[in-house]
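Structure first, then comments.
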Protein chains: 2
Amino acid sequence: MTLQDVARQAEVSLATASRVLNGTSQVRADLRERVLAAAAELAYTPNAHAQALAGASRQALGVICHDVSDPYFAAIARGVMRAAAEHGQLVMLASTNRDPAREVEYIAMLRAQRARAILLIGSGFEDRGWERSMAAELDPYQRAGGRVAVVSRHRSLKVDAVVPENREGAAALARALLDLGHRDFAVLTGPLSLTTVSDRLAGFRDALTEAGVSLGPERVIEAAFTRDGGHAAATELMRRGLRPTCVFAVTDVMAIGALTAFREGGLDVPHDISLAGFDDIPIVGDLTPPLTTVALPLDEMGERVTKLALREPRGHRSRVERITGEVVLRASTAPL
Amino acid sequence: MTLQDVARQAEVSLATASRVLNGTSQVRADLRERVLAAAAELAYTPNAHAQALAGASRQALGVICHDVSDPYFAAIARGVMRAAAEHGQLVMLASTNRDPAREVEYIAMLRAQRARAILLIGSGFEDRGWERSMAAELDPYQRAGGRVAVVSRHRSLKVDAVVPENREGAAALARALLDLGHRDFAVLTGPLSLTTVSDRLAGFRDALTEAGVSLGPERVIEAAFTRDGGHAAATELMRRGLRPTCVFAVTDVMAIGALTAFREGGLDVPHDISLAGFDDIPIVGDLTPPLTTVALPLDEMGERVTKLALREPRGHRSRVERITGEVVLRASTAPL
DNA sequence: CTGAAAGCGCTTACAG
DNA sequence: CTGAAAGCGCTTACAG
């Protein structure tokens, strides 16, 4: 079933059939009818590869994330899908499990597919080697007209970005918790080499310091950047015999694991210990108690990064859209 | 940057360069080296469209789901991504929000992209019109060598399928709840036109009937097939003044909404009312109380449907892999 | 407005 | 083993 077949059946030239089907120029009404009828009858679908090769515009967009099943990503992906659909773009999705080699490999595949844009969702690493190999794949792609945009800070990638104000958000959260009367904190974090983690930790700590409250190194517990990591970190906190009045998990996903760990450890949240997260992923309102957090408009962030990538670049400057997080106090944090 | 450039720089023919790069046949070592060096130096990436056109095998796989951000789908998608990665396949993902028109449109796009396989995740509708239009897109795709596989029952689609034993699972759950002493039930459901919904409801009801327990029509509350739908259905249940001792929500996602609705309504789960779901999505163990449910190996289901689609078809028979659900009793259901 | 033809970047028989 | 050439299915100047 090729365009040629359609043309033959409609008794017109290949060129005419093509013009009718993609509406690029005027075609006499009767020929037009014949082509449409033939296409319908043959259940013709154009070969997107041939179209792409012949120079039509790309109709697919690549997205790289760490894990499709992480609710943080899932919420952002929702916005991406919506915006992509609006622009008639198909989304090619890859999860890397934070394996840098996989990341590079997927970018190569997306380059090969001549994706119209590549979206990187999730924070980058503060790591020279990683940055270099990413740039090695991304540069030729961009030189060939590919567009790149990211969600979260990527130190040295000069691309359009939607970046949540992690530092300010964490600081605002710290202030809100101080206002509740807390003076004794602990933080559960993911790997500090992730920009998101280090920014949130820094913002939180800065606000405490400003209020004259210190956060000793033994009160910052690093674990995997997942629900299980949160569970492990909270368990470790209890094992160390530390009993801060308030705990900040740098993401809601980690906070969820921590919440369960506290329950298993016999600590009641918020009666025995207050707990706060960051992101406001959809589920946290359904937890018991509902989680205090810094709300990010995840869905909208996905939409915005997609639009950034699809909009024409203006000049060679990369655009950055900052997203403000809003502190939402819920029942998981109690006044002291 | 084309293969031609690489060939020129390596001073070999186009054919030789191609053969080196995709390793199809033996090439003299020195030529091989030169080609590899040239490709590396030029940061060459093959054009997947040209490769596909020229007859190389497809390297992308299409997945159609209702909503990327639904945890049920996300869990399955995880398995799909893993299996796809193992086979060097890129995944093109589309969410349809259960809009049949969108579904058909995406299948057309995937056909155009000559996806190697199309995976439909999530239950189909019991609807002639829908079936007809799906078949109209899927048939030509399959005739052209495309492979189709689904998760969940699709009555009239003759394709490979991974199908959870919804009916049996719901019946087993009902029996477990009866064993706890419950005799007074209500069910919160999604649209009955979804095969998954009707199968689960039927299985649950059958087991009750067998035990001589009836489930009146006013005790089956239909709402949207989402968290909010579960919330609405539970709220409606309370509004009607019904106080069953045990409620079955046909999915965990709906149960999550119901749990919050009960809490808001001042009902303690499981003290005042027991609650059970279906699917065992990852989050339910972190709820308070953790949710009783019928566990499905979601991740593995994603992996299996992908492998089904990628494996050679044997004959014209469609293969069906049945998945048994396992009742997991947790704290959300109490003995009476 | 319409058609013949070139060209997009590959792969793979077919000769040698 | 290597190369010249055909062909995959389109789009789009270029003539007419």
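From a predicted model like this one, the values you see are computed outputs, not experimental measurements. Just so it is clear: chains get the letters A, B, ... in the order the sequence lines come, proteins before strands, and each one is counted from 1.
Across D/dC8, D/dC1, D/dA4, the shortest atom-to-atom separation from the side chain of B/Ala54 is found for D/dC8. Side chain of B/Ser13, nearest nucleotide from C/dG9, C/dA4, D/dA4: D/dA4. For B/Gln26, taking side-chain heavy atoms from C-beta onward, the closest of the listed nucleotides D/dT2, C/dC10, D/dC1 is D/dC1. Picking from C/dT2, C/dG3, D/dC10 the nucleotide with the shortest atom distance to the side chain of A/Ala15 gives C/dG3.
Judged by atom type and distance alone, B/Arg19 reaches the base of D/dG3 through a side-chain donor-acceptor pair under 3.5 Å.
B/Arg143 pairs by the side chain to side chain donor-acceptor pair (under 3.5 Å) definition with nothing, not counting sequence neighbours.
Contact check for B/Val159 versus B/Gln142: side-chain heavy atoms found under the 4.5 Å cut-off. Two residues are said to be in side-chain contact when any heavy atoms from C-beta on lie closer than 4.5 Å; B/Arg147 and B/Ile118 fail this criterion.
Residue A/Ser18 is in base contact, counting any heavy-atom pair closer than 4.0 Å across all strands shown. Across all strands, B/Thr16 comes closer than 4.0 Å only to sugar-phosphate atoms, never to a base (heavy-atom distances).
Judged by closest nucleotide on DNA chain D, B/Val12 is the one of A/Leu3 and B/Val12 placed further toward the 5' end. Toward the 5′ end of DNA chain D lies the nearest nucleotide of A/His49, the other residue of the pair A/His49 and A/Gly55 mapping further downstream. In terms of position on DNA chain C, the residue among A/Leu14 and A/Leu31 whose nearest nucleotide sits closer to the 5' end is A/Leu31.
Atom-to-atom, CG of A/Leu53 to C1' of D/dC8 comes out at 9 Å; the value is rounded to the nearest Å. Here D/dC10 presents its P atom at 12 Å from CZ of B/Arg111, a figure rounded to the nearest Å. The CG-C1' distance, from B/Asn47 to D/dC8, rounds to 13 Å in whole Å. In this structure, B/Asp30 atom CG and D/dT2 atom P are separated by 7 Å, rounded to whole Å. The nearest whole Å value for the distance from the CZ atom in A/Arg28 to the C1' atom in C/dG3 is 13 Å. Rounded to whole Å, atom P of D/dC10 lies 9 Å from atom CG of A/Leu21. Between B/Arg34 atom CZ and D/dC1 atom P there is a gap of 17 Å when expressed in whole angstrom units. The nearest whole Å value for the distance from the CZ atom in B/Arg8 to the P atom in D/dG3 is 14 Å.
Comment: A/Arg304 engages A/Glu300 in a salt bridge, judged by a side-chain N to carboxylate O separation of less than 4.0 angstrom.
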Show me the side-chain donor-acceptor pairs of residues 97-110 of chain B shorter than 3.5 Å, one per line, residues at least two apart or across chains.
unit_1	atom_1	unit_2	atom_2	d
B/Asp99	OD1	B/Ala101	N	2.8
B/Asp99	OD1	B/Arg102	N	3.4
B/Glu103	OE1	B/Trp130	NE1	2.8

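Under the Watson-Crick and G-U wobble criteria, each requiring two contacts below 3.5 Å, nucleotide C/dT2 is paired to D/dA15.
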Next on the checklist: Show, in sequence, the C-alpha distance, side-chain angles and deciding distance for B/Arg82 and B/Glu86, and conclude whether the salt bridge (charged side-chain N to carboxylate O under 4.0 Å, His left out) test is met.
Outcome noted: CA-CA 6 Å; B/Arg82 177 156 16 86; B/Glu86 274 170 22; 5.5 Å; no

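Residue B/Gln51 places at least one side-chain N or O closer than 4.0 Å to OP1 or OP2 of C/dT11. For C/dT11, one of the phosphate oxygens OP1 or OP2 lies less than 4.0 angstrom from a side-chain nitrogen or oxygen of B/Asn22.
A distance of about 22 Å separates the P atoms of D/dT2 and D/dA6, rounded to the whole Å.
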